[in-house]
Amino acid sequence: MKIVTILGARPQFIKAGTVSREIAKYNEIEEIIVHTGQHYDANMSDIFFEEMQIPKPHYNLDINGLGHGAMTGQMLEKIEEVLQKEKPDWVMVYGDTNSTLAGALAASKLHIKIAHIEAGLRSFNMKMPEEVNRILTDRISTILFCPTGSAVDNLNCEGYENLDIKVVKNGDVMQDGAIFYKDLAVEPTIELKGEYILSTIHRAENTDDIERLTAIVLALNEIAKEIQIVLPLHPRTKAILEQNGLEVNCTIIDPVGYLEMVGLIKNATLIMTDSGGLQKEAFFFEKPCITLRDETEWVELIENRFNVLAGASREKILEHYKNFKFNDDFSMNLYGGGKASSIIVKELLDV
Ligand code: UDP
């Protein structure tokens, strides 16, 4: 069996790596990895792949720095060429990026079977490009691997029970990754003054809306008077803060490699983020999380009070920081417990 895996961003490589390591156990499966180049990442040198024990991409399409339409269009064209040459049985796509949609579309037009991993997630916010990408990718896939029961419920609500698309609840590949990397984590290199909060802000809905960004920064500055806030800052966010003269009184650091990030998460007291992945990593490493978004795809974290939505409201962020009663019993198995990748590979061999 031949699989072409389409990836475009560092978190996708990390998640796909867990599946690649599983695939490598089977002689009968060959995996060809295509990096679209969607997110240029200086940290994705050879060392990244070695340290993370992730296979290097076989193709690098180097498509980046374009608007959504041009980027998706160029990817579609280039991925089609790769698929025509490689003639795989399956195309595997992850998550909700433009690379995900382009990979699925290219495969669908060539009648190649599509496996979508992290399927069924919905924010119900159609202004998010990610939401559009996920909905369209789900609809043209052959098999949908859902990380959670709520993702399966979303698909059922959209009528997937009546479609000829296999839906599997396999758990979250990110938890497989968290388990794999837990013991490989490296100690943070920055100076920490005891307890600290780890925060990230990078979503367009926050960075591109100056009112939201200002409210978040004001709340962080207020909290930083009491406890150190470590903020690995995305270059996009950094540029916007500078352009708008917004002063952040946190410990700002450059984005860190994943093994150091895991080290930072493991030692943090609280996570405050607008990242989807980090909300779950908070749970995997048993940390409470305040989410700086109005909605989340990871509703089970909210329902069980491991996480609380604060949006971009200064008052809500401060209120939740001071008073929210988080659930501190992390024994609940919300994401499959580390078997997500092995279920994917077994299913593909079975179909
Ligand atoms: N991350 C990292 N270094 C950083 C910031 C984030 O390794 O400096 C990791 C983080 O732990 C998570 C992933 O990158 O696993 C999240 O990526 P991002 O926030 O870009 O995407 P999202 O999760 O929102 O899709």
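Note that ligands are numbered from 1 as they come in the structure, with each ligand's atoms numbered from 1 the same way. Reckoned from all heavy atoms, side chains included, excluding hydrogens, waters and symmetry mates. Throughout, numbering of the chain's residues begins at 1 and tracks the sequence.
Close approach of ligand 1 to G277 (heavy-atom distance below 4.0 Å) involves ligand atoms 22 (P), 23 (O). With ligand atoms numbered from 1 in the order given, ligand 1 contributes 15 (O) to contacts under 4.0 Å with heavy atoms of M174. Numbered from 1 in the order shown, with element, the atoms of ligand 1 that lie under 4.0 Å from a heavy atom of P255 read 8 (O). Of all the atoms in ligand 1, the ones that sit under 4.0 Å from a non-hydrogen atom of E281 are 10 (C), 11 (O), 12 (C), 15 (O). Under a 4.0 Å criterion applied to the non-hydrogen atoms of R203, ligand 1 contributes the atoms 24 (O). The distance from ligand 1 to the heavy atoms of P232 drops below 4.0 Å at these ligand atoms: 8 (O).
Counting heavy atoms under 4.0 Å from ligand 1, residue H234 does not touch it at all. Heavy atoms from both the backbone and the side chain of S275 come within less than 4.0 Å of ligand 1.
Not a single N or O atom of D254, backbone or side chain, sits closer than 3.5 Å to an N or O atom of ligand 1. Residue D274 places no N or O, backbone or side chain, under 3.5 Å from any N or O of ligand 1. Polar contact check, G276 against ligand 1: a nitrogen or oxygen pair lies under 3.5 Å apart.
Among R10, K15, R293, H202, the residue whose heavy atom sits closest to atom 18 (P) of ligand 1 is H202.
Note: Y335 and F284 have perpendicular aromatic rings, judged against thresholds of 30 and 60 degrees for the angle between ring planes.
Taking the charged nitrogens against the carboxylate oxygens, D138 and R122 do have a contact shorter than 4.0 Å, which makes a salt bridge. In this structure, E319 does not pair ionically with K322, as no charged nitrogen and carboxylate oxygen lie closer than 4.0 Å.
The protein heavy atom nearest to atom 3 (N) of ligand 1 is V256 O, 2.8 Å. The shortest contact between atom 1 (N) of ligand 1 and any protein heavy atom is with M261 CG, 3.8 Å. Among all non-hydrogen protein atoms, the one lying nearest atom 14 (O) of ligand 1 is P11 CG, 4.3 Å.
With a 4.5 Å cut-off on side-chain heavy atoms, K78 and V34 do not count as touching.
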Practice task
Apply salt bridge (charged side-chain N to carboxylate O under 4.0 Å, His left out) to the pair D350 and K166, showing each step before the final yes or no.
Solution key: CA-CA 12 Å; D350 257 19; K166 186 162 189 190; over 6 Å; no
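A salt bridge (Lys or Arg N to Asp or Glu O under 4.0 Å) with D294 is found for one member of K127, R203, R212 and no other, namely R212.
Although no hydrogens or angles enter the test, the distance criterion places no donor-acceptor pair under 3.5 Å between the side chain of D96 and the main chain of E131. For the pair N307 (side chain) and I302 (backbone), a donor-acceptor distance under 3.5 Å is absent.
Between V262 and Y181, the shortest heavy-atom contact is CG1-O, 4.3 Å. Closest heavy-atom contact between E205 and E295: OE2-OE2, 4.0 Å.
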